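For the single chain, residues carry numbers from 1 onward in sequence order. On a predicted model such as this, the values are computed, not experimentally measured, just so you know.
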Amino acid sequence: QAEDGIRDCLLSRGLGDVYKRQLLNGYPVQTTVEGNELVTKDGRSIDINEAQHLPPTQPSKIICVHLNYESRVKEYITKLPPAPTYFHKPITALNSHNGDIVRPERCKWLNYEGEIAIVIGRNCRNISPDEAKDYIAGYTVANDYGLHDFRDTDAGSMLRVKGSDTLCPVGPGLVTGWDFHNKGIRTIVNGKVMQDANTNEMEWDMNYLVADIARNITLEPGDLLLSGTPANSRPVNPGDIVEVEVEGLGKLSNRIVHGATPIRDDVGAQPSSSEEVVSTAMGGDWEFRGKRAAGGQGAKFYKSSLNKK
C-alpha cells in the first residue's frame with residue numbers, strides 16, 4: 001500500500017499536488033487536500049484541523065547529509081568537504097506533523113534543524129544527476145533533531161545523536177512538482193524566527209544528492225533523503241513549539257516534551273556536556289567561536305579553519 005501511494009504521487013507529477021497520510025477510523029489512509037478537508041480515494045473526508053497526521057511516507061531508510069548550506073559552514077568557521085558526507089537515521093526515529101519530540105531525562109542538548117526531505121518515488125540505482133528528478137516522488141518538510149549529549153561517542157555515525165526515538169518528524173504532506181530552486185526555509189521557535197535561509201545556499205542540490213547516494217545504495221519508494229540545514233540550530237526545551245516552514249511545502253509543527261524515563265546509567269556512554277557537545281549545540285553562540293577550535297574526538301567533522309591556541 002505504501003508503494004502504491006508513492007507511485008500515485010510519481011505518476012501524477014501535478015504541480016503542487018499535496019498527498020498526506022492520516023489515521024481514519026484507526027486505519028492509515030492516503031488523502032489529498034481539498035480546501036480545508038483531506039479526502040480519501042473513496043470519497044471520505046476529514047477536517048484538516050482534526051486529522052491525526054502520519055508521516056507522508058513509510059521509508060525503508062532515512063539518509064541525511066552533513067554540511068550543505070553556506071550559512072552553516074560560515075557559522076562554524078569551517079570548510080565544505082570536496083563531496084557530501086552522510087549519516088543514517090533509523091526508521092524508528094520517524095515522527096509526524098504535530099507529533100511530540102521527546103528529550104530524555106538526563107539530556108539537555110536537543111537541537112532543531114529545519115530541513116527539506118526528498119521522497120523517492122521508484123527504485124533508484126546508478127543514475128546521473130540529470131536523471132534523478134524522474135525518481136523523485138516529491139518533497140516534504142523535515143526537522144533533523146539532534147541529541148548532542150551523545151556527540152562525544154557518536155560524532156561520526158551520529159547514531160544516537162540523530163537517531164533517537166521521535167527525532168525525525170516529517171510532514172505535513174508530500175508535495176509533487178515542486179521546484180526546489182530559490183525557496184525560503186525558516187525554523188520558528190515559540191513564534192520567533194530562528195533559522196531563515198534560501199535553498200540557493202545549498203552547495204549540492206536535490207538531484208545531486210540522490211544520484212550520489214544511488215551510486216552504491218539502492219533507494220526504494222518512500223525512502224527519505226534530508227538535504228541539510230542552514231545556520232542557527234540551537235537547543236530547545238520541553239514546552240517549546242518548533243515549526244519548520246518551507247516555501248511551497250507547508251509548515252511542520254512539533255512540541256518538545258520531557259521524557260520521563262531517564263537514560264540508563266548502568267550501561268554504555270553517558271550523556272555529556274563536554275566542550276565538543278556545547279560548542280556544537282550552541283553554534284555561533286559558543287563563547288570561543290572565532291577564537292579557537294573546539295576540542296573532542298568529533299571535532300574533525302567540523303574542522304575549524306582556526307589554529308588551536
Side-chain angles (χ1 to χ4, degrees), residues 16 18-22 31 33 36 38 46-57 62 64 68-69 71-72 75 89 93-103 108-119 138-148 162 164-175 178 180 182-199 201-202 224-259 281-285:
V18 181
Y19 294 84
K20 300 190 176 188
R21 291 177 65 247
Q22 280 75 35
T31 61
V33 180
N36 291 323
L38 304 173
I46 315 168
D47 186 292
I48 200 166
N49 295 314
E50 298 177 359
Q52 185 173 348
H53 295 270
L54 298 172
T57 180
I62 304 169
C64 313
N68 196 12
Y69 277 77
S71 60
R72 188 162 171 85
E75 178 182 29
K89 280 180 177 276
L94 194 64
N95 203 339
S96 63
H97 176 57
N98 289 340
D100 288 343
I101 307 299
V102 177
R103 192 185 77 177
K108 63 179 182 179
W109 301 105
L110 175 66
N111 280 47
Y112 57 79
E113 292 187 10
E115 305 205 11
I116 298 162
I118 306 162
V119 182
Y139 300 86
T140 191
V141 186
N143 199 330
D144 179 21
Y145 283 94
L147 194 64
H148 291 293
K162 294 301 187 76
S164 295
D165 291 353
T166 76
L167 298 193
C168 189
V170 294
L174 187 161
V175 180
W178 182 74
F180 58 76
N182 194 29
K183 293 298 193 297
I185 176 172
R186 304 194 304 167
T187 301
I188 304 158
V189 180
N190 300 328
K192 181 180 179 180
V193 175
M194 300 300 294
Q195 291 182 297
D196 193 355
N198 189 286
T199 55
E201 277 191 38
M202 297 171 67
L224 293 169
L225 270 70
L226 274 59
S227 56
T229 195
N232 296 322
S233 164
R234 295 292 185 272
V236 284
N237 298 297
D240 289 343
I241 302 296
V242 183
E243 300 168 301
V244 182
E245 186 175 42
V246 178
E247 182 180 350
L249 295 183
K251 183 185 290 185
L252 170 70
S253 181
N254 299 97
R255 179 181 62 163
I256 311 301
V257 300
H258 174 257
M282 296 306 296
D285 291 335

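None of Asn98, Thr187, Asn143 except one satisfies the side-chain contact (heavy atoms from CB on, under 4.5 Å) rule with Leu252; the exception is Asn143.
Distance alone, capped at 3.5 Å, is enough to place a donor-acceptor pair between the Glu115 side chain and the Gly228 backbone. Side-chain N or O atoms of Ser233 include one that pairs as donor or acceptor with a backbone N or O of Tyr112 at under 3.5 Å. Judged by distance alone, the side chain of Asp144 and the main-chain N or O of Glu113 form no donor-acceptor pair under 3.5 Å. Without hydrogens or angle criteria, Arg255 side chain to Asp100 main chain gives no donor-acceptor distance under 3.5 Å. Side-chain N or O atoms of Asn254 include one that pairs as donor or acceptor with a backbone N or O of Ser96 at under 3.5 Å. Under a 3.5 Å cut-off, the side chain of Asp165 and the backbone N or O of Ala93 do not form any donor-acceptor pair. Here the side chain of Asn95 pairs no donor or acceptor atom with the backbone of Pro169 at under 3.5 angstrom.
With sequence neighbours excluded, no residue forms a ring-ring contact (aromatic ring centres under 6.0 Å, His included) with Tyr69. For the salt bridge (charged side-chain N to carboxylate O under 4.0 Å, His left out) test, no residue two or more places apart in sequence or in another chain qualifies with Asp196. Checked against side chain to side chain contact (heavy atoms under 4.5 Å, CB included), Asn232 has the following partners two or more places apart in sequence or in another chain: Glu75, Gln195, Arg234.
Atom CD1 of Ile116 and atom OG1 of Thr199 lie 6.0 Å apart (nearest 0.5 Å). Taking CD1 from Ile48 and CD from Gln22, the interatomic distance works out to 8.0 Å, rounded to the nearest 0.5 Å. Atom CG of Leu174 and atom CG of Leu249 lie 9.0 Å apart (nearest 0.5 Å). Note that the CG atom of Leu94 and the CG atom of Leu54 stand 9.5 Å from one another [nearest 0.5 Å].
Remark: the Asn198 side chain and the Asn182 side chain contain an N/O donor-acceptor pair separated by less than 3.5 Å.
No more than 12 heavy atoms of other residues, nucleotides or ligands lie within 6.0 Å of NZ in Lys108, so this atom counts as exposed by the packing criterion.
A 4.5 Å side-chain heavy-atom check between Ser253 and Glu243 finds at least one atom pair inside the cut-off.
For the pair Asn237 and Ile256, the tightest heavy-atom approach, listed with the atom from each and the gap, is O-CB, 3.3 Å. Smallest separation of non-hydrogen atoms from Ala117 and Leu226: CB-CD1, 3.9 Å. The minimum heavy-atom distance between Thr140 and Val170, with the atom names listed, is CG2-CB, 4.1 Å.
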